[in-house]
Protein chains: 2
Amino acid sequence: MTAAKGSRLQSRSFVSAQQVAERAGVSRSAVSRTFTDGASVSEATRKKVLEAAEALGYHVNHLARGLISDRSNIVSLVVTDIATPYQSKMIEVLTRRLQLANKVAMVINTSGETDSVESALRQTLHYRADATIVLSGQPKASLIETCLNNGQHVILVNREELVPGPETVIVANRAAAREAFHMLRRAGCERLAVVASDVGSASVSGRERAFVEAAKEAGMEVRVTRFGPTAYASGAEIARLLLSRSDRPDGVFCVTDLLACGFMDAARNEFGLNIPEELCVVGFDDIEQAGWSSYELTTFRQPIDQIATHIVSQIDHQPDSRIVHEPVRFQADPVWRKSVRPK
Amino acid sequence: MTAAKGSRLQSRSFVSAQQVAERAGVSRSAVSRTFTDGASVSEATRKKVLEAAEALGYHVNHLARGLISDRSNIVSLVVTDIATPYQSKMIEVLTRRLQLANKVAMVINTSGETDSVESALRQTLHYRADATIVLSGQPKASLIETCLNNGQHVILVNREELVPGPETVIVANRAAAREAFHMLRRAGCERLAVVASDVGSASVSGRERAFVEAAKEAGMEVRVTRFGPTAYASGAEIARLLLSRSDRPDGVFCVTDLLACGFMDAARNEFGLNIPEELCVVGFDDIEQAGWSSYELTTFRQPIDQIATHIVSQIDHQPDSRIVHEPVRFQADPVWRKSVRPK
DNA sequence: GACGCGTTTGCACACCTGTGCAAAACAAAC
DNA sequence: GTTTGTTTTGCACAGGTGTGCAAACGCGTC
């Protein structure tokens, strides 16, 4: 530790295995083997090497290791709207799980303009990532195709392409959205509405469709409103649209908790409505804010921990890129709070 | 594009510059130079190379490039509580800015146990990151010391160590906290309190101290309460402690918006208090939720964009590791909303 | 001491790139 | 056609690592 102090002067001078070998009086191979699991080194040399490494401040160069071993231990996370409660939670859990699996996360932000997205996504190829996890609905299918063509292991989350190659993980949007309908019905709601964004990602439109379908089966009409990005402000804006009408809805399914928060705030603070007495609201995702006492939102919990665990366990499996993988489904269970009347 | 389809079968077979060279009928150097800015290649060969590269699906291997050029173009983001609104926003902005500068972000989650933190932080050395940006208050100074010893370029955000080497970026907590005091005073508040966590990071305790100091100068007492992590639930819990007393405060400075949201919710929903009529609240950070109509929180805005821009501009500068860098300060301006009575 | 066997070690090659250097190609001027 | 100057090209090396292979070693047995 103290011996390394001197290297502070000429910075960016990393220690190589060669230097460790010289100090320890062994060959460079011995050093390499000491830091490779399952390699054959005697206890004596191992000890000498570790001492020298500690003294010099040696750290295996993973760039070089990845170059030769075809495993960079880097996993790309491709994600839009990073600052969103849902996505940031996902990143939180995934990074932690990846670290436990001795991997490291590279975050690719795809929020910007399309061409910058493309160049960003290319990083996953540049750095020979072990896998690419697509959390974003945004990137065009063609870009994912590019990754696949280069032998990338792609894992899609909440997308619904049916192309050969990528594995897919989705939550059971359909079942949950249908249940949302019945929750509102049992609460006695007569005039139903769906609040959605016009982003058109698979999860958003999937939930919307399933809810409408369930209503139709029960012989009910549903007003669907799509507006803006999937955000708080859009939910508030839709509330203004919907609640100023004389036949305003008394039961609302927001395809996202963020939309629900905006909707509830506008309903209460701008229209003076009581929730759940005059208006029932169901959300989706169970973000942290859904549990805040200003909302107490009844919603569906995405099992983020399970999803992350599954994803990380899949990374090292070599997928067959010729077949279409059946999506792995996770159930989203309802979380009862206070935005829906108990039946 | 179509030619690459065949490579889908034997996966993880990346194309090398050698293969491109052979297909284009040039030397490998020509390929390398084509993808290196400012290298000398004739227009004719450049075109041949680009065609061959496109056909084969070639992508420069940044692991190998980083190995030789001593620039990995990887920047580590060391961060705790990733899912927090403030931190996730920071990550959002930083990743975007980094990508514009042709760098890529590696996210190191330091929320877990201490030893896992250590191994995670070591990744920044393993991958020879160009710089390490420490957004977290958590990691022990000794770990940062390790990075510095290995010639890492370390940039600290909102920490207040005074060690030689790392550059530091901080917001002017002191000035803002003092202004918070005067805002509450001008609103006529008589019984002041500070709501803080017991995490003890530099920003949290710095704001707390400056507020108390300003009060003392004005001859006023302040009740300081520290509890739990810096989170919504802690704010609510502190509200229960503080507001159940007969001499409850009528003016509160929460060192974080998240604490403020929890405090406000408990004050209103559990104690029936009106804000700002009976209780004024000032926060810090200006997270998204501060602008939601359930809160309308008067707070101080951290200039995240400016901070991120500055940080990214510093990355390529080679810092002098022997001197103590004067911290770069950013001003946090007040954002007036409705949680403080207008004077 | 000779032999046999299992473990450890060093050599040398491979991985994929950037770049200095000298040779080659080219363009221009006479 | 020769000379001069400029641009382009290929060779060969460097960068730090993992690993197959054969040699060396250690050790127990006859």
(request) Please state whether the phosphate of D:dT8, meaning OP1 or OP2, lies under 4.0 angstrom from any side-chain nitrogen or oxygen of B:S40. (result) yes
(message) How many whole angstroms separate atom CG of A:D37 from atom P of D:dT17?
(response) 16 Å
(request) Grab the CG-P distance between A:D70 and D:dT17 for me, whole Å please. (result) 18 Å
(message) Without decimals, in angstroms, what is the distance between B:E43 CD and D:dT9 P?
(response) 11 Å
(message) Can you confirm whether A:R122 sits close enough to A:H126 that some side-chain heavy atom of one is under 4.5 Å from a side-chain heavy atom of the other?
(response) yes
(request) Please determine if a side-chain N or O atom of B:S42 lies less than 4.0 Å away from the OP1 or OP2 oxygen of D:dT9. (result) yes
(message) Tell me whether B:T84 contacts the main-chain N or O of B:Y86 through its side chain, where contact means a donor paired with an acceptor under 3.5 Å.
(response) no
I'd like a table of atom pairs between the protein and nucleotides 25-28 of chain D - only N or O on both sides, under 3.5 Å - with the distance next to each one.
none

(request) Supply the atom-to-atom distance A:S88 OG to B:K89 NZ, rounded to the nearest 0.5 angstrom. (result) 12.0 Å
(request) Summarise protein proximity over nucleotides 13-25 of chain C in one line of letters, 5' to 3': B for base, S for sugar-phosphate only, - for none, counting protein heavy atoms closer than 4.0 Å. (result) -BBBBBBB-----
(message) Under a 3.5 Å distance rule, please check whether B:S111 uses its side chain to pair with a backbone N or O of B:D81 as donor and acceptor.
(response) yes
(request) Indicate whether the side chain of B:E92 and that of A:N109 have a donor and an acceptor atom separated by less than 3.5 Å. (result) yes
(request) Could you check how far OH of B:Y127 sits from C1' of D:dT17, rounded to whole Å? (result) 13 Å
(message) Quick test of your reading of the model: are B:R97 and B:D305 salt-bridged, counting only N-O distances below 4.0 Å?
(response) yes
(message) Rounded at 0.5 Å granularity, tell me how far CG in B:L56 sits from CD in B:Q19.
(response) 6.5 Å
(message) If we count only N and O atoms by modelled type, under 3.5 Å, do the side chains of B:S42 and B:T45 hold a donor and an acceptor together?
(response) yes
